[in-house]
Amino acid sequence: DLRGKVQMIYIDPPYGIKFNSNWQVSARKRDVKDGRAEDAAREAEQIKAFRDTWELGIHSYLSYLRDRLLVARELLTESGSCFVQIGDENVHLVRSLMDEVFGPENFVSLITFATTSGFSQASALGRNGDYLVWYARSSDHLKSRSQWLPATDRASYRWIEAADGTCRGLRKLELEAPLGTRPYAPGDLQSQGAASEPQPFVFQGRSYEPGANSHWKANYPTGMQRLAWANRIHLAKASLRYKRFSEDFPFQSQTNMWTDTGTGNFTDEKVYVVQSNTKVIERCILLCSDPGDLVLDPTCGSGTTAYVAEQWGRRWITIDTSRVALALARQRLMGAKYPFYLLADSDKGKAKETELGGIRPSGSASNDIRHGFVYERVQHVTLKSIANNPDIVEGMSREEIDAAIKRHADFETLYDRPYEDKRVVRVSGPFTVESLSPH
């Protein structure tokens with residue numbers, strides 16, 4: 001009945017190494033050692049699962065995973081995503097398996113995330129991360145939401161513009177831009193592909209043309225002229241570049257290298273031997289789903305996926321073969337407190353939207369979470385937004401140019417920063433715990 005209805009599936013299986021060490025036998029004791037008799041599971045369903053699953057080692061492991069991936073693919077919506085968390089020992093096998101099930105054309109990304117300060121090895125490199133293999137049900141219909149981080153890397157912003165419009169490079173001993181100047185990075189002003197006709201552009205008394213098999217990024221000649229009027233053209237030795245100021249967009253896009261998820265950022269109390277990192281799953285959920293979407297985790301463990309899905313307004317289902325894992329997850333969910341985010345489809349949400357944009361959204365509020373939250377937004381000044389800006393004309397002052405740019409620049413939505421109502425504390429919604437076991 002759930003075929004085609006799940007938006008995201010997160011699978012954190014055993015990594016295919018030290019198979020015993022994933023079976024925690026009690027909610028009171030988290031220490032489990034591989035191969036130690038006193039740590040062996042006593043529950044009938046766990047013993048059966050262990051014997052059936054790992055009888056042939058890695059071959060049984062891959063068969064176990066393939067069965068679940070085939071079902072996962074059937075459950076996903078056309079825009080859905082499947083993430084598998086895995087270590088470096090078997091990541092190549094898991095990716096080959098997912099190529100077989102989902103098709104290589106539906107591979108989205110291989111994400112590396114930090115886990116600890118590093119596992120030392122006697123004669124080789126230590127490692128400090130694991131992997132997420134991300135596949136789409138259909139890459140053509142993939143739902144994805146851009147994530148932005150505060151920009152920290154400004155090493156390329158080595159040029160400065162003074163208040164009078166003059167420019168120079170930072171000197172060797174200058175660690176940052178002097179007061180009253182604006183740091184910028186010269187960006188490419190040409191795109192590949194030859195123009196249908198020559199595009200000579202006169203700047204500061206000299207004519208410039210794009211290189212062979214290239215054309216100007218800004219529409220020619222109007223857009224190029226607006227860039228010049230806005231003082232956004234940087235003169236290199238024999239070519240023109242675009243001035244990208246550091247304040248144009250104080251954020252940078254999230255990549256597939258997550259270095260901020262290590263142990264130092266793991267603030268949750270650990271209650272399960274293979275407990276997943278909250279920040280990792282949170283980022284995956286925000287990447288590919290919206291409030292009201294359904295998230296599935298067939299490897300429940302301590303219930304991290306359910307916990308994070310509940311926090312971010314996603315519906316969820318989670319499954320495990322162990323009663324210990326389900327008891328821990330149930331306890332964790334029932335004792336949790338969550339922030340209350342402003343719903344876009346609520347009176348408070350509409351009032352906030354009015355405050356942010358000056359226009360109240362139409363229609364009456366029905367508190368439907370599927371309309372999403374009210375998110376923070378940040379203005380993103382781009383070359384295109386300046387080149388297409390009808391308010392920029394010749395002879396404008398610097399203040400007039402900045403005001404014109406702000407009126408027409410687009411905004412980026414920060415999906416990890418919804419506005420919160422601090423006067424409300426939220427707890428988990430109603431959920432059921434169901435069993436298919438004979439007992």
Side-chain angles (χ1 to χ4, degrees), residues 1-16 19 21-24 41 43 45-54 60-77 80-87 90-91 93-95 97-98 100-102 106 108 111 130-137 272-278 280-282 284-285 287-289 293-310 312 314-330 332-333 431-437:
D1 291 342
L2 287 173
R3 179 183 279 118
K5 295 183 180 178
V6 179
Q7 180 59 37
M8 171 191 156
I9 297 177
Y10 191 94
I11 304 177
D12 179 11
Y15 281 6
F19 295 117
S21 60
N22 297 284
W23 303 105
Q24 181 173 327
E43 298 181 52
E45 74 275 13
Q46 278 197 5
I47 293 171
K48 182 175 186 295
F50 178 82
R51 286 177 177 165
D52 288 352
T53 306
W54 318 127
S60 299
Y61 171 75
L62 293 174
S63 297
Y64 145 90
L65 199 54
R66 182 177 182 274
D67 290 345
R68 282 147 184 79
L69 290 172
L70 286 168
V71 177
R73 184 178 182 277
E74 291 298 305
L75 292 172
L76 286 175
T77 64
S81 294
C82 180
F83 294 85
V84 176
Q85 181 178 323
I86 197 69
N90 291 317
V91 63
L93 299 174
V94 170
R95 183 163 174 183
L97 200 60
M98 296 184 78
E100 176 190 333
V101 174
F102 289 92
N106 292 316
V108 180
I111 299 165
D130 285 332
Y131 300 93
L132 291 169
V133 192
W134 179 9
Y135 276 75
R137 175 68 171 81
Y272 196 62
V273 63
V274 284
Q275 183 169 327
S276 299
N277 188 323
T278 302
V280 172
I281 299 179
E282 176 181 276
C284 293
I285 285 177
L287 269 173
C288 67
S289 70
D293 285 341
L294 179 58
V295 173
L296 169 68
D297 184 349
T299 52
C300 174
S302 62
T304 302
T305 300
Y307 174 87
V308 174
E310 183 74 30
W312 290 97
R314 276 63 166 174
R315 296 174 296 132
W316 53 266
I317 299 171
T318 190
I319 305 162
D320 208 286
T321 57
S322 167
R323 287 176 289 172
V324 173
L326 294 183
L328 291 169
R330 178 172 174 267
R332 186 177 181 184
L333 285 161
F431 62 88
T432 64
V433 181
E434 304 175 17
S435 174
L436 297 176
S437 303

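Since this is a predicted model, take the numbers as computed values, not measurements.
Between C82 and R73, every side-chain heavy-atom pair lies at or beyond the 4.5 Å cut-off. With contacts defined as side-chain heavy-atom distances shorter than 4.5 Å, the pair T318/Y307 does not qualify. You'll find the side chain of L132 reaches within 4.5 Å of the side chain of Y10, heavy atoms only. Inter-residue side-chain proximity for N106 and M98 is flagged as unmet; no heavy-atom pair is nearer than 4.5 Å. Side-chain contact between L2 and I317 is present, with heavy atoms from C-beta onward closer than 4.5 Å. Residues F102 and L76 form a side-chain contact, since some pair of their non-hydrogen atoms from C-beta on lies under 4.5 Å apart. Using a 4.5 Å cut-off on side-chain heavy atoms (C-beta onward), R68 and P13 make no contact. Side-chain atoms of M8 and I285, non-hydrogen and from C-beta on, do get closer than 4.5 Å to each other.
A donor-acceptor pair is defined here as one N or O able to donate and one able to accept, closer than 3.5 Å; such a pair exists between the side chain of T299 and the backbone of D12. Remark: side-chain polar atoms of Q7 are not paired, donor with acceptor, to backbone N or O of T77 under 3.5 angstrom. Between the side chain of S322 and the backbone N or O of V324, at least one donor-acceptor pair lies under 3.5 Å.
Atoms CZ and CD, from F431 and E310 in turn, are 8.0 Å apart once rounded to the nearest 0.5 Å. Rounded to the nearest 0.5 Å, atoms CG (L294) and CZ (R314) are 12.0 Å apart. Taken to the nearest 0.5 Å, the CD1 atom of I111 stands 5.0 Å off from the SG atom of C284.
Of all non-hydrogen atoms in I86 and D130, the two that sit nearest each other are O-CB, 3.6 Å. Across every non-hydrogen atom of D320 and C300, the tightest pair is OD2-N, 3.4 Å. Shown here for A329 and G303, the closest heavy-atom pair between the two residues is CB-CA, 3.7 Å. When all heavy atoms of S302 and R332 are compared, the closest pair comes out as OG-NH1, 3.1 Å. Taking both residues in full, the closest heavy atoms of R330 and V433 are given as CD-CG2, 3.9 Å, listed atom of the first, atom of the second, then distance. Nearest heavy atoms, W316 versus L333: CH2-CD1, 3.6 Å.
Scored by the side chain to side chain contact (heavy atoms under 4.5 Å, CB included) test, L287 finds W134, Q147, W258 as partners (sequence neighbours excluded). Under the salt bridge (Lys or Arg N to Asp or Glu O under 4.0 Å) criterion, R66 pairs with E100, sequence neighbours left out. Taking D297 as the reference, nothing meets the salt bridge (Lys or Arg N to Asp or Glu O under 4.0 Å) condition, with sequence neighbours excluded.
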Run the numbers on W312 and S289 for side chain to side chain contact (heavy atoms under 4.5 Å, CB included), then give the verdict. CA-CA 10 Å; W312 290 97; S289 70; over 6 Å; no

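Of the residues listed (V94, I9, V101), the one engaging L69 in a side chain to side chain contact (heavy atoms under 4.5 Å, CB included) is V101, and it is the only one.
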